[in-house]
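Everything on this sheet refers to the single structure shown next.
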Amino acid sequence: MQVLKFGGSSVANGENINKVVDLVTQALTKDRTLIVVSALGGITDILIRAGVLAASGDESYKDKLQEVEQRHLATVKTLLPLTRQSSVLSLVKTRCNEIEDICNGVFLLGELSARTQDKIVSYGELLSSIIVAARFEAVGIANQWKDSRELISTDSRFGHAAVDFPRTNQQIRQFIDSSDTTLFIIPGFIAADTNGTTTTLGRGGSDYTAAIAAAAVDAQGLEIWTDVSGMMTADPRLVSNVKLIPHISYQEAMELSHFGAKVIYPPTIQPVMSKGIPVWIKNTFAPSDPGTVIEFSSTRNGGNGNNGGGNGSSIRGISSIGKIALLSLEGSGMVGIPGFSKRLFEALSGQAINVILITQGSSEHSICVGVDEINASAAKTAVDGAFSAEIGAGKVEPLIIETGLSIIALVGDQMKSHPGVSGKMFGALGRNGVNVRAIAQGSSERNISAVVAAGDVKKAINVLHEEFFETTYRQLNLFVTGTGNVGSRLLDQLWQQQHYLQEQLRIQVRVIGIANSRKMVFDNEGIDLWQWKEKLDDGQPMDLDEWVRGITSRNLRNTIFADVTANGDVASIYASLLQKSISVVACNKIACSSPYESYRRLKNLAREYNARFLFETNVGAGLPVISTLNDLLRSGDKVRRIEAVLSGTLNFVFNNYTGERPFADVVRQAQEEGYTEPDPRLDLSGTDVMRKIMILAREAGEKMEMADIENHSFMPAACMQGSVEDFYKEMGKEEEHFKQLCQAATAKGKKLKFVAQYDKGKASVGLQHIDPEQDLYHLYGKDNVVLFFTDRYSEQPLVIKGAGAGSEVTASGVFADIIRTAQS
Ligand code: ADP
Ligand code: ASP
Ligand code: MG
């Protein structure tokens, strides 16, 4: 004997029922078969809704019932030849009239008891199983249909009845033995109490019906046919890269389903496990997919328990339950007094409140339990009542209730022999800013559960799935602010490098949002980078608050905010992003050159919230200046002195200015070639260089402000007023001044360089005459050079030299920082 169960989607309509008939026909070639069917997909929900509407005096329950009738009539018409239709159609109509009569009663009374609800929903499975049986008859497969209410006996806990196994087993055996047919068909989910009143086994209970039947007849196997190709490493509706679990133990399957893996109803496992009956989970719509087998040991192929995700993970799957309330009982009166928790649990069980999770601190000051949110207020009344004396005496606080929570759980038999699972779990959650409210580990060590905010569930599950199952690649979710020279080069580079990143570095960068000063656009699946300009043009008007909301509300894992603007307002939002564990990559220098306290605060926030704050391109564009400095410090070196040419613009200008072409023209060329800041006066005045040397000094540990830096500016004051155009005009008038600067140097065989220095805690910037022996002399085009004199590099400095300006190299520096966040 074998038992096959077909879920709601498998029998949702005539077309699907035909697939079921094919599958069963195949199965019959192997063994006698009992099939259990659910209601047509969605019907149970509609029936419940109709009852609720009727009870609330809303006549639209009739529309719902109409819908129920139409679905069934249509199914009969597609499945049965005309000659066979009429008897089944009239049966469907009779049953539907009965439902309507009951609902009319509910409407008149304005009351819907659990008992009446069970009666109403029972029609879903009754109708579906009758229709399926008629279809088998129609294709010439004899079968015996039976009302499960005559087979499965329960108590009278309507909505969630408990099975009387001795009686049930006997009834089922008798039924099977009484017939020599090869195919039996019964409705799932429904049963009856000792008075013969209809009960149900809980939502999703058809799986349970099938397991009860399989155990009763000692079936050689139970097959659960559904709409997924087996049990997956996580809920496929929440995670896109789920993997099949080919084998899983009964305990693991039970644990996963208890914690929300809806693919199997949790009580289903118990009866089949007690008989050692293997359970297959198969896809009606892809029957040749291998599916999952649930049996005693999950380790049969390979023997190391690592066949879950096929990647050596010691966990088998991840699941979650929503709508959880956390109840905390706290107080000094609890310490050391036995019986406190007993009284708490008695108070809860007195109200039939199911406890899903328990944690107690070793200080015994508090005990915390997770329950279904709908039970929260009943729990509060019961517990506060039970502890009224202690609460009155101030020894215990009234029960604290938090709602809006969910539980996420990692499940695996092998967890106990693999230390470090919880460290990895909470590390990954922490890096992604998922705040964990409570933690519990079952004594079986088969499960670690954490209570998190409901809004964090999707992110948390994806983070954990990536951490434990996706050795293939890591996904970064990027938001790019700014599409000027650097921003657009960055987007192009990201596009060009997509495949390399995925194949070589196993990193997938998805650009979820792009914004500039005019427009912003989001795409949760990642913007197509080959047409980002068009997408952005079609976007909504830019609004910085909306942009930030769009980033934070998406709550994606591994989120990175890239600031490729030079805008102060954009820099002012870093703190709020870091506080949400969003990494910030900035080529914008404003934040790091703001007052020391705010620079420090951002660095601290990044550490506190496990995010990265990276700004390599603030100094020397794409040159690895800051990362090298950090590497030196991390390895214990100390920076004594820095000497540098840090302005690509000024270097370009002094390399190209010989006195022949006007100075203003050379500056304009630097701007046109994209080396200058958007406002070139920041470069010419030396301010940009001051910022850079200050950032280096700060990174080296110096608490430095802009006001602490000496600036020996070479620019006449008149040039620095008014607009950028005024600036060019004034520079034109000062040509003689620039000529003299140049000639004074060349007369001595020297070159002009705008040099930044940091020495003994002091910093200065200014034009210097450099002679050919100096490191700074041989510097061409827009190059930068940085000389680090450290404890280890005391005689000969560590020199970093190369192109220090330009959108291409700057973009690649930002790119490198983005990738660096993934490698933390
Ligand atoms: P049926 O109607 O066949 O009983 P259900 O809807 O009850 O089907 O269960 C199947 C659904 O369970 C899948 O469509 C899937 O969305 C969900 N599900 C949740 N967690 C998992 C998981 N770990 N593996 C597979 N499916 C899961
Ligand atoms: N039809 C019932 C439900 O939707 C039982 C089941 O499908 O398993 O809950
Ligand atoms: Mg189900």
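Starting from 1, each residue takes its place in the sequence as its number. Counting starts at 1 for both ligands and their atoms, in listed order.
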| field | Contact atoms of ligand 1, heavy-atom distance to R237 under 4.0 Å | value | 16 (O), 17 (C), 19 (C)
| query | Is K424 close enough and on-axis enough to F468, meaning under 6.0 Å and within 45°, for cation-pi? | reply | yes
| query | Can S56 and D58 be said to form a side-chain hydrogen bond (donor to acceptor under 3.5 Å, both in side chains), step by step? | reply | CA-CA 6 Å; S56 68; D58 185 335; 5.2 Å; no
| query | In ligand 1, which numbered atoms sit nearer than 4.0 Å to a non-hydrogen atom of A234? | reply | 22 (C), 23 (N)
| Other residues, nucleotides, ligands: >12 heavy atoms within 6.0 Å of R173 CZ | yes
| query | Taking it one step at a time, do R316 and D413 satisfy salt bridge (Lys or Arg N to Asp or Glu O under 4.0 Å)? | reply | CA-CA 8 Å; R316 189 71 67 200; D413 281 342; 5.7 Å; no
| Where ligand 1 meets M231 - atom numbers and elements under 4.0 angstrom, heavy-atom basis | 24 (N)
| Do we see a donor-acceptor contact under 3.5 Å between the side chains of T268 and D207? | no
| note | re atom 6 (O) of ligand 1, the protein heavy-atom contact at minimum distance is K262 NZ, 3.0 Å
| message | I need the atoms of ligand 2 closer than 4.0 Å to a non-hydrogen atom of E125, numbered in the order shown. | response | 1 (N), 2 (C), 5 (C), 6 (C), 7 (O)
| field | For atom 26 (N) of ligand 1, closest protein heavy-atom neighbour | value | V263 CB, 3.5 Å
| Is it true that R203 and D45 have a side-chain N and a carboxylate O under 4.0 angstrom from each other? | yes
| Would you say ligand 2 has an N or O under 3.5 Å from any N or O of K5? | no
| field | Backbone or side-chain N or O of A261 under 3.5 Å from ligand 1 N or O | value | no
| Close approach, S319 and ligand 1, non-hydrogen under 4.0 angstrom | no
| Short list, please: which atoms of ligand 2 are under 4.0 Å from a heavy atom of R203? | 3 (C), 4 (O), 9 (O)
| Does T44 reach ligand 2 with a nitrogen or oxygen that is under 3.5 Å from one of the ligand's nitrogen or oxygen atoms? | yes
| remark: protein heavy-atom neighbour closest to atom 6 (C) of ligand 2 works out as S206 OG, 3.4 Å
| request: Could you tell me whether ligand 2 has any atom less than 4.0 Å away from a heavy atom of G7? | output: no
| said: So for atom CZ, which belongs to R510, do other residues, nucleotides or ligands contribute more than 12 heavy atoms lying within a distance under 6.0 Å? | reply: yes
| K5: numbered ligand 1 atoms lying under 4.0 Å from its heavy atoms | 4 (O)
| message | Show the atoms of ligand 1 that are less than 4.0 angstrom away from any heavy atom in G230. | response | 24 (N), 25 (C)
| message | Could you check whether T198 and S122, counting side-chain N and O atoms only, form a donor-acceptor pair closer than 3.5 Å? | response | no
| request: Establish, from distance only, whether the side-chain atoms of T200 and D118 form a donor-acceptor pair under 3.5 Å. | output: yes
| request: Find all atoms of ligand 2 within a distance of less than 4.0 Å from any non-hydrogen atom belonging to S38, and give their numbers and elements. | output: 6 (C), 7 (O), 8 (O)
| field | Closest approach of any protein heavy atom to atom 18 (N) of ligand 1, naming residue and atom | value | D235 OD1, 3.7 Å
| said: I need the atoms of ligand 2 closer than 4.0 Å to a non-hydrogen atom of G205, numbered in the order shown. | reply: 5 (C), 8 (O)
| Would you call G317 a ligand 1 contact, heavy-atom distance under 4.0 Å? | no
| message | Considering non-hydrogen atoms of the protein only, which is the closest contact for atom 11 (C) of ligand 1, and what is the distance? | response | D227 OD1, 4.0 Å
| said: Below 4.0 Å, non-hydrogen atoms only: which portion of V228 touches ligand 1? Side chain, backbone, both or neither. | reply: side chain
| task | Say whether N195 and T197, considering side chains only, have a donor N or O and an acceptor N or O under 3.5 Å apart. | result | no
| request: Pull out every atom of ligand 1 sitting under 4.0 Å from any heavy atom of M232, numbered as shown with elements. | output: 22 (C), 23 (N), 24 (N), 25 (C)
| Nearest-contact summary for atom 2 (O) of ligand 1 - protein heavy atom, Å | G8 N, 3.2 Å
| query | Is the closest side-chain donor-acceptor distance between Q475 and N462 under 3.5 Å? | reply | no
| query | How about N447 and E255: does a side-chain donor come under 3.5 Å of a side-chain acceptor? | reply | yes
| task | Classify the ring geometry between F296 and Y250 as parallel (under 30°), tilted (30 to 60°) or perpendicular (over 60°). | result | perpendicular
| request: Give a yes/no on ligand 1: does S38 have at least one heavy atom closer than 4.0 angstrom to it? | output: no
| request: Measure the distance from atom 27 (C) of ligand 1 to every protein heavy atom, then report the residue, atom name and distance (to 0.1 Å) of the closest one. | output: P236 CD, 3.6 Å
| request: Provide, to 0.1 Å, the distance between atom 1 (P) of ligand 1 and the closest protein heavy atom, together with that atom's residue and name. | output: T226 OG1, 3.6 Å
| N/O of G8 under 3.5 Å from N/O of ligand 2, yes or no? | no
| Given the rule in the side-chain contact (heavy atoms from CB on, under 4.5 Å) test, do S206 and E125 qualify, once you have shown the distances and angles that lead to the verdict? | CA-CA 9 Å; S206 296; E125 266 70 10; 3.5 Å; yes
| Is there a donor in the side chain of D193 and an acceptor in the side chain of S156, or the other way round, less than 3.5 Å apart? | yes
| task | Could you tell me whether the side chains of Q171 and S153 share a donor-acceptor contact shorter than 3.5 Å? | result | yes
